[in-house]
Colleague: 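Quick one: the structure is below, questions incoming.
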Amino acid sequence: QVQLVESGGGLVQAGGSLRLSCTASGSFFSMGWYRQAPGKQRELVAAITSGGSTNYADSAKGRFTISRDNAKNTVYLQMNSLKPEDTAVYYCNAKGRVRGQFDYWGQGTQVTVSS
């Protein structure tokens, strides 16, 4: 079965940085990160296709950078200038080329930003 292995979450102070990594047991058209804070809906943070096209949430633009290494089936999320509002469980996601196909999720990693 497909596995997505995440790492890099933790506790940081506001203004600090974290780098999340996710390695998949296969190649996918799109890989990215979603997050869910307590009492709120899951939302897209950033995603990137195998060709390098990116999509960011407005709250992430200018602070976060998504990248991927296709040879390693790995996606990275560099998070700078972190804010308490970024506190959430972050989930790695991988999708096939067609919407609804091969939609997989990691187990989630906690990111906590203190004020």
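Source: prediction; values computed, not measured.
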Colleague: Would a distance-only check, ignoring hydrogens and angles, find a side-chain to backbone donor-acceptor pair under 3.5 Å from Arg42 to Gln36?
Modeller: no
Colleague: Can you list everything that forms a side chain to side chain donor-acceptor pair (under 3.5 Å) with Thr54? Sequence neighbours excluded, please.
Modeller: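 For Thr54 there are no side chain to side chain donor-acceptor pair (under 3.5 Å) partners, ignoring immediate neighbours.
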Colleague: Is there a side-chain contact between Tyr90 and Leu20 (heavy atoms, below 4.5 Å)?
Modeller: yes
Colleague: Find out whether Asn55 and Leu44 are in side-chain contact, i.e. whether some heavy atom of one side chain is under 4.5 Å from a heavy atom of the other.
Modeller: yes
Colleague: So how far is it from Met79 CE to Arg63 CZ, rounded to the nearest 0.5 Å?
Modeller: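 CZ of Arg63 is found 9.0 Å from CE of Met79.
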Colleague: Please list, chain by chain and in numerical order, all residues satisfying side chain to side chain donor-acceptor pair (under 3.5 Å) with Thr74, sequence neighbours excluded.
Modeller: Thr23
Colleague: Using 0.5 Å steps for rounding, measure from the CE atom of Met31 to the CG atom of Asn70.
Modeller: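 Rounded to the nearest 0.5 Å, the CE-CG separation comes out at 9.0 Å.
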Colleague: Following the transitive rule for hydrophobic clusters with a side-chain heavy-atom cut-off under 4.5 Å over Ile, Leu, Val, Met, Phe, Trp and Tyr, establish whether Leu18 and Ile66 coincide in one cluster.
Modeller: yes
Colleague: Shortest non-hydrogen contact from Ala88 to Ala37?
Modeller: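 Of all heavy-atom pairs spanning Ala88 and Ala37, the closest is CB-N, 3.8 Å.
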Colleague: Holding to salt bridge (Lys or Arg N to Asp or Glu O under 4.0 Å), I want the full list of residues that pass it with Arg35, two or more places apart in sequence or in another chain.
Modeller: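 Result, salt bridge (Lys or Arg N to Asp or Glu O under 4.0 Å) vs Arg35: Glu43, Asp86.
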Colleague: In terms of hydrophobic clustering (I, L, V, M, F, W, Y; side-chain heavy atoms under 4.5 Å; direct or indirect links), are Trp33 and Val113 co-clustered?
Modeller: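 They do share one cluster, since a chain of ILVMFWY contacts under 4.5 Å joins Trp33 to Val113.
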Colleague: Would you give the length of the straight line joining atom OG1 of Thr49 to atom CZ of Arg68, rounded to the nearest 0.5 angstrom?
Modeller: 7.0 Å
Colleague: List the residues meeting side chain to side chain contact (heavy atoms under 4.5 Å, CB included) with Thr112, not counting sequence neighbours, and say none if there are none.
Modeller: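 Once residues adjacent in sequence are excluded, the partners of Thr112 under the side chain to side chain contact (heavy atoms under 4.5 Å, CB included) criterion are Leu11, Thr87, Gln110.
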Colleague: Side chain to side chain contact (heavy atoms under 4.5 Å, CB included) for Ile48 and Val75? Distances and angles first, verdict last.
Modeller: CA-CA 8 Å; Ile48 184 169; Val75 63; 3.9 Å; yes
Colleague: Sort and list the pairs that fulfil salt bridge (Lys or Arg N to Asp or Glu O under 4.0 Å) and have at least one residue in residues 105-115, not counting sequence neighbours.
Modeller: none
Colleague: According to side chain to side chain donor-acceptor pair (under 3.5 Å), who are the partners of Gln78, at least two apart in sequence or on a separate chain?
Modeller: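 Listed in chain order: Asn80.
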Colleague: Applying salt bridge (Lys or Arg N to Asp or Glu O under 4.0 Å), name anything that partners Lys61, two or more places apart in sequence or on another chain.
Modeller: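 So Lys61 forms a salt bridge (Lys or Arg N to Asp or Glu O under 4.0 Å) with Asp58.
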Colleague: Which other residues end up in the same hydrophobic cluster as Val5, if Ile, Leu, Val, Met, Phe, Trp and Tyr are linked when side-chain heavy atoms come under 4.5 Å apart?
Modeller: none
Colleague: How long is the span from the OG atom in Ser30 to the CZ atom in Arg97, to the nearest 0.5 Å?
Modeller: 10.5 Å
Colleague: In a table with atom names and distances, give each donor-acceptor pair under 3.5 Å that connects a side chain of residues 100-108 to protein atoms at least two apart or in another chain.
Modeller:
from: Asp103; atom 1: OD1; to: Asn93; atom 2: ND2; distance (Å): 2.7
from: Asp103; atom 1: OD1; to: Lys95; atom 2: NZ; distance (Å): 3.3
from: Asp103; atom 1: OD2; to: Lys95; atom 2: NZ; distance (Å): 3.3
from: Gln107; atom 1: NE2; to: Glu6; atom 2: OE1; distance (Å): 3.1

Colleague: Atom OG in Ser17, atom CG in Leu82: separation rounded to 0.5 Å?
Modeller: 6.0 Å
Colleague: Provide the closest heavy-atom pair for Ala60 versus Val45 in the form atom of the first, atom of the second, distance.
Modeller: CB-O, 3.9 Å
Colleague: Listing request: all ring-ring contact (aromatic ring centres under 6.0 Å, His included) pairs with a residue in residues 49-87, at least two apart in sequence or in separate chains.
Modeller: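 For residues 49-87, and leaving out neighbouring residues, there are no ring-ring contact (aromatic ring centres under 6.0 Å, His included) pairs at all.
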Colleague: Tell me which pairs pass disulfide bond (SG atoms under 2.5 Å apart) where either residue lies in residues 10-95, with sequence neighbours left out.
Modeller: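 Residue pairs with at least one partner in residues 10-95: Cys22-Cys92.
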